[in-house]
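Comments concern the structure below.
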Amino acid sequence: MKIAILGSTGSIGTQTADVAAFHGYEVEAICAGTRIGILEEQIRRFSPKYCGVFDEGAAKELKSRVADTNTRIFAGEEGILTMIDLLDCDVAVNAIVGKAGLLPTLAVIEKGITLALANKESLVCAGEIVMQKAREKGVAILPVDSEHSAIFQCLQAGRREDLKKIILTASGGPFYGKTKEELENCTLEMALAHPTWNMGSKITVDSATLMNKGFEVIEAIHLFGVPTEQVQVLVHRQSIVHSMVEFADHSVIAQLSVPDMRDCIQYALTYPKRLPSPVRELDLTAVGGLTFAHPDTEAFPMLPLALRCVGEGGVRPAALNAANEAAVALFLAGKIRFTEIFSLVSAAVDSAPLLENATLNDILKASDAAFAHVKEAAGRK
């Protein structure tokens, strides 16, 4: 098998590289933003034909560092899109973080390559456009997120027309059980202390606010073609049941495994086959018990905000995503408090226009405006 790893230096990207190495897959291309040290290691490990770097200055430095290899370096967003157009691989994994992954998603689909999608923002921002393009091109989109991979696997137990409900599980993040008032004093260090998953800092903060689960609801709606009311969120602290589906006969099918992203990455690469995995076996006796609870949407208002945005449609989900990116970046930089993420994102969403049949240009424009709205509002504080 020949694969491309877009966003190869992040958490999902490096774990995809582990799976590729475990199975001896050929890595045709990699790309990242600025982390050229890891890119150089990956170039020397996999000898990819192509490597893209979003930051043009970093691309120039990397080109010098790997001049003794045969890897061709592409610079900037346009360079990466050009690189994707040259791909001749079986599967492209899009693990780019944030809105930057949207155009690469569309480029992979346009090229006609099977897409293993970890960049949830592609569907949050432009789900209708992405799914329509995939249908037109006959391209399969295989989910990499653990929850959507679980749903995808569970749906194989029954007919789609018999589906009653999708049940998305959430770890609850590091602040599960805290009140709205208690969240006022939560620090960055506390927000990054996720109880079960080892993820990048941005997605870990999104898990702490439950924004990540809101994004996943939107993603599920587009991936599986279901209405909002057919998706339920339950907090499952053990992160063993990765999601469930309920069918018309009230049978509930669940997918369980240890919390290790390499499992769902591998399934997206090998589907419909199941191969030996680098992930350890699940020991249910060691887990002991599995618990489920409803999320606290008063203390964590980002989840209902996401549901509101998908209901309003148009550019509102894209504005939500961009505003959240800006607010989380400010929180990670120590410039705002944890609870200010909620208020800044909500205000930016309310400033976005209500549009029907939004175009890609409308989405990109609204994203930029929402991002700027958060930055300006935070600067006035």
Side-chain angles (χ1 to χ4, degrees), residues 1-21 25-43 45-56 58-59 62 66 71-126 130 133-134 137 139-145 148-149 199-200 202-203 219 261-262 264-269 321 325:
M1 177 182 287
K2 189 189 299 185
I3 69 171
I5 310 174
L6 310 178
S8 64
T9 64
S11 175
I12 299 296
T14 53
Q15 290 179 86
T16 302
D18 287 345
V19 172
Y25 296 151
E26 179 182 348
V27 178
E28 183 186 27
I30 57 176
C31 83
T34 58
R35 302 171 74 179
I36 60 173
I38 300 176
L39 282 175
E40 181 180 0
E41 292 173 6
Q42 291 175 339
I43 286 171
R45 182 184 186 188
F46 294 105
S47 300
K49 191 173 183 180
Y50 310 121
C51 175
V53 189
F54 278 99
D55 184 276
E56 297 193 11
L62 179 64
V66 297
T71 299
R72 181 179 172 187
I73 307 298
F74 293 82
E77 182 178 72
E78 285 301 317
I80 289 172
L81 296 178
T82 298
M83 181 190 81
I84 292 171
D85 191 50
L86 295 173
L87 293 178
D88 180 27
C89 59
D90 301 295
V91 182
V93 179
N94 186 354
I96 296 169
V97 175
K99 185 188 68 141
L102 173 56
L103 293 182
T105 282
L106 292 170
V108 169
I109 294 171
E110 185 67 33
K111 184 66 176 176
I113 297 170
T114 296
L115 175 63
L117 186 61
N119 175 258
K120 59 174 58 68
E121 291 83 1
S122 293
L123 293 178
V124 171
C125 294
V130 169
K133 176 66 72 173
K137 293 290 181 178
V139 169
I141 299 180
L142 302 174
V144 170
D145 271 353
H148 301 89
S149 175
M199 306 177 291
K202 195 268 182 184
I203 194 172
E219 190 178 2
M261 286 300 298
R262 291 175 297 174
C264 34
I265 291 167
Q266 175 172 299
Y267 191 65
L269 293 176
N321 173 73
E325 280 192 32

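Only heavy atoms go into these numbers, but all of them, side chains included; no hydrogens, no water, no symmetry mates. The first residue in the sequence is number 1, and the count goes up from there.
We find the OG1-CG distance between Thr105 and Leu123 to be 7.5 Å, quoted to the nearest 0.5 Å. Rounded to the nearest 0.5 Å, atoms SG (Cys264) and CZ (Arg262) are 11.0 Å apart. Note that CD1 of Ile3 and CG of Leu269 are 5.5 Å apart. Values are rounded to the nearest 0.5 Å. Of the inter-residue distances, the one linking Leu115 atom CG with Leu106 atom CG reads 9.5 Å to the nearest 0.5 angstrom. We find the CZ-CG distance between Phe74 and Asp85 to be 10.0 Å, quoted to the nearest 0.5 Å. To the nearest 0.5 Å, atoms CD1 (Ile80) and CD1 (Ile96) are separated by 6.0 Å.
Judged by distance alone, the side chain of Thr9 and the main-chain N or O of Leu39 form no donor-acceptor pair under 3.5 Å. Counting only distance, with no hydrogens or angles, the side chain of Glu28 and the backbone of Asp88 share a donor-acceptor pair below 3.5 Å. The main-chain N or O of Ala116 is never found under 3.5 Å from a side-chain atom of Asn94 such that the two would form a donor-acceptor pair. In this structure a side-chain-to-backbone donor-acceptor pair under 3.5 Å is missing from Glu219 to His148. Using a distance-only test at 3.5 Å, with no hydrogens or angles considered, a donor-acceptor pair links the side chain of Gln15 to the main chain of Ser11. In this structure, Lys2 contributes its side chain and Asp90 its backbone to no donor-acceptor pair below 3.5 Å. With hydrogens and angles ignored, the 3.5 Å screen pairs no side-chain donor or acceptor of Ser149 with any backbone N or O of Asp145. The backbone N or O of Ala58 lies less than 3.5 Å from a partner atom in the side chain of Asp55, making a donor-acceptor pair.
Side-chain contact between Lys133 and Val130: absent, with no pair of heavy atoms (C-beta onward) separated by less than 4.5 Å. Between Leu6 and Met83, the closest side-chain pair of non-hydrogen atoms falls below 4.5 Å. Residues Met261 and Val144 are in side-chain contact: their nearest non-hydrogen atoms beyond the backbone lie under 4.5 Å apart. For the pair Val27 and Thr16, the minimum side-chain heavy-atom distance is 4.5 Å or more. With contacts defined as side-chain heavy-atom distances shorter than 4.5 Å, the pair Val93/Ile265 does not qualify. The shortest distance between side-chain heavy atoms of Lys120 and Ile203 falls below 4.5 Å.
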Inset, instruction - Please step through side chain to side chain contact (heavy atoms under 4.5 Å, CB included) for the pair Ile43 and Ile73, ending with a clear verdict. - result: CA-CA 10 Å; Ile43 286 171; Ile73 307 298; 4.2 Å; yes
Inset, instruction - I would like to know whether Thr71 and Ile30 meet side chain to side chain contact (heavy atoms under 4.5 Å, CB included); could you show each step before the answer? - result: CA-CA 10 Å; Thr71 299; Ile30 57 176; over 6 Å; no
Inset, instruction - Could you give me the CA-CA distance, side-chain angles and deciding distance for Glu121 and Leu102, then say whether side chain to side chain contact (heavy atoms under 4.5 Å, CB included) is met? - result: CA-CA 7 Å; Glu121 291 83 1; Leu102 173 56; over 6 Å; no
Legend entry - Check against side chain to side chain contact (heavy atoms under 4.5 Å, CB included), Thr14 and Gln42: CA-CA 9 Å; Thr14 53; Gln42 291 175 339; 4.2 Å; yes
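More than 12 heavy atoms of other residues, nucleotides or ligands shown are found within 6.0 angstrom of NZ on Lys202.
For the pair Ala95 and Gly13, the tightest heavy-atom approach, listed with the atom from each and the gap, is CB-N, 4.0 Å. Looking at every heavy atom in both residues, Ala92 comes nearest to Ile113 through N-CG2, 3.7 Å. The shortest heavy-atom contact between Ile12 and Ala118 is CG2-CB, 3.9 Å. Nearest heavy atom pair, residue Cys125 against residue Asn321, reads SG-ND2, 3.4 Å. Across Val139 and Thr114, no two heavy atoms sit closer than the pair CG1-CA, 4.2 Å.
Judged as a ring-ring contact (aromatic ring centres under 6.0 Å, His included), and not counting sequence neighbours, Phe46 has no contacts.
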